[in-house]
Amino acid sequence: MGWFLSFLYSQLFVTLSKPSEDFTGQTIIITGSNTGLGLEAARHISELNASLVVLAVRNESKGAAAKQSILASTGRHSSSIEVWDLDLQSYESVKAFENRVNKLKRLDAVLENAGFMTKYFRVVGGFESTITTNVISTFLLALILLPKLKESATKFNTKPRLSIVASDLHFVAKFPEGKAENIFDVLNDEKSAIMSMERYAVSKLIVVFGVRELSTLMTQNAKSGFSEVIINCLTPGACRSGFDRESTGAKRFIFEIMQTAIARTTEAGSRTLVAGVAAGEESHGKYMADFQVAEYVYTFPNFLYPGNKTRLSQ
Ligand SMILES: NC(=O)c1ccc[n+]([C@@H]2O[C@H](COP(=O)([O-])OP(=O)(O)OC[C@H]3O[C@@H](n4cnc5c(N)ncnc54)[C@H](OP(=O)(O)O)[C@@H]3O)[C@@H](O)[C@H]2O)c1
Ligand SMILES: *[C@@H]1O[C@H](CO)[C@@H](O)[C@H](O)[C@H]1NC(C)=O
Ligand SMILES: *[C@@H]1O[C@H](CO)[C@@H](O)[C@H](O)[C@H]1NC(C)=O
Ligand SMILES: *[C@@H]1O[C@H](CO)[C@@H](O)[C@H](O)[C@H]1NC(C)=O
């Protein structure tokens, strides 16, 4: 229950300051940035002078509209934003991303924000579609982008970051499949699958575990003893976006009440995405909430001292 108190506390009492990191000279890719948290994070990062923001989206016209919306509010030059095609439910699309990325002069950060929840059981690319989108393609993309991030680290003597958007809901995953010998086989069993929130929570729990595991491998493989690239994940908290697109009736009603009572705006929530993608070494392999590594957020007795917070800096 500890996480739930922290979550409520965060939703009701924490004010997230407006991001002020300087992204001058940086190239940053943001997935699912045509709407919601991704769009608002892209707007901040563009406003904070990123040289190039790549909106990686599955619908070109929605991407073009997002680009216009950002340019209109920031007044930045049109060439500072590009819209690239990326559909996480197609491995071909994810792999095609690699060629484009390799043509970039540099890559400073990646914000893997695109995510999905559904009540329908469908197998896409060999896995249940929530898992395909939030886990398989998300990590496939990470592995495809890591070499470019590493190359930039060496060339420009910088510390590139890869940040994945997880969720507080990973705490509620029951995840009975986790006990199985082959977890992904069991997740593919339609008869035992509990969809919507449970499946979504499982996908985000695997993200948290995956980030932990990958960060360890990256550190072990680094000659310097420090990973060349920082990888972390984060929760934006509950935000009023179009994320729950399918629920109807009583479920929708409860959801709407929850949203009105406790949720943040997508702009406020997006500040946590900017903090994730700007975070330093201390976030490597970690899950962040409210700008901090969450293992240290509101754990007793710090819960009583909400003023005791240090923002992770780059
Ligand atoms: N809102 C919350 O309260 C909350 C809380 C915790 C975590 N999160 C996480 O925050 C992230 C952003 O969510 P949001 O609230 O901003 O929701 P949203 O408004 O629904 O945005 C989701 C984004 O992901 C994209 N996307 C979904 N499936 C995709 C696919 N197969 N390929 C490429 N892009 C895909 C969507 O594209 P389309 O517009 O084309 O569908 C959209 O751009 C997600 O990872 C979500 O799990 C949200
Ligand atoms: C971005 O650039 C503008 C114009 O040069 C400058 O006024 C502003 O302070 C910069 N912002 C940051 C965060 O560096
Ligand atoms: C892309 O979005 C536009 C505008 O919402 C919509 O009309 C169109 O059908 C979408 N295209 C695809 C391929 O989903
Ligand atoms: C603030 O947090 C740090 C890190 O958790 C802890 O070491 C320190 O004692 C805390 N200070 C106060 C006044 O609670």
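Every number for a ligand or one of its atoms is a count from 1 in the order of the listing.
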*Heavy-atom gap K204 to ligand 1 smaller than 4.0 Å*: yes
*asked:* So is A166 touching ligand 1 or not, going by heavy atoms under 4.0 Å?
replied: yes
_Top protein contact for atom 5 (O) of ligand 3, by heavy-atom distance_ = K62 CE, 3.7 Å
*Applying a strict 4.0 Å limit to heavy atoms, is T35 in contact with ligand 1?*
yes
*Between F243 and Y200, what is the ring plane arrangement, given parallel below 30°, perpendicular above 60°, and tilted in between?*
tilted
*asked:* I'd like to know if the side chain of T133 pairs up with that of Q89 as donor and acceptor (distance under 3.5 Å, no hydrogens or angles considered).
replied: yes
_L149 and its side chain to side chain contact (heavy atoms under 4.5 Å, CB included) partner, picked from D108, I231, I29, L162_ = L162
*Would you kindly say whether T265 and E267 are connected by a side-chain donor-acceptor distance under 3.5 Å?*
no
*For F156, does the CZ atom sit with more than 12 other heavy atoms under 6.0 Å from it, leaving out its own atoms?*
yes
*For ligand 1, find out whether one of its N or O atoms is nearer than 3.5 Å to an N or O atom of S167.*
no
*asked:* Within ligand 1, which atoms have a heavy atom of L88 less than 4.0 Å away?
replied: 30 (C), 31 (N), 32 (N), 33 (C)
*Touching ligand 1 at all, G237? Heavy atoms, strictly under 4.0 Å?*
yes
*Applying the side chain to side chain contact (heavy atoms under 4.5 Å, CB included) test to L86, which of V94, V57, V54 qualifies?*
V94
_Any N/O pair L37/ligand 1 closer than 3.5 Å_ = yes
*asked:* Does ligand 1 come near enough to T235 that some N or O of the ligand is less than 3.5 Å from an N or O of the residue?
replied: no
*Test of proximity, G38 against ligand 1: N or O pairs below 3.5 Å*: no
*Exceeds 12 heavy-atom contacts within 6.0 angstrom, atom NZ of K174*: no
*Mind checking whether N59 has an N or O less than 3.5 Å away from an N or O of ligand 1?*
no
*Below 3.5 angstrom, do we get any N/O pair linking R245 and ligand 1?*
yes
*With no hydrogens and no angle check, do the side chains of S192 and D189 hold a donor and an acceptor under 3.5 Å apart?*
yes
*Has ligand 1 got any nitrogen or oxygen that is less than 3.5 angstrom from a nitrogen or oxygen of D87?*
yes
*Would you mind telling me which of T15, L37, L16, D290 makes a side chain to side chain contact (heavy atoms under 4.5 Å, CB included) with R271?*
L16
*At a 4.0 Å threshold, what atoms of ligand 2 neighbour a non-hydrogen atom of N49?*
1 (C), 2 (O), 3 (C), 8 (C), 10 (C), 11 (N), 12 (C), 14 (O)
*Pick, from D87, N59, N34, the option with the minimum heavy-atom distance to atom 12 (C) of ligand 3.*
N59
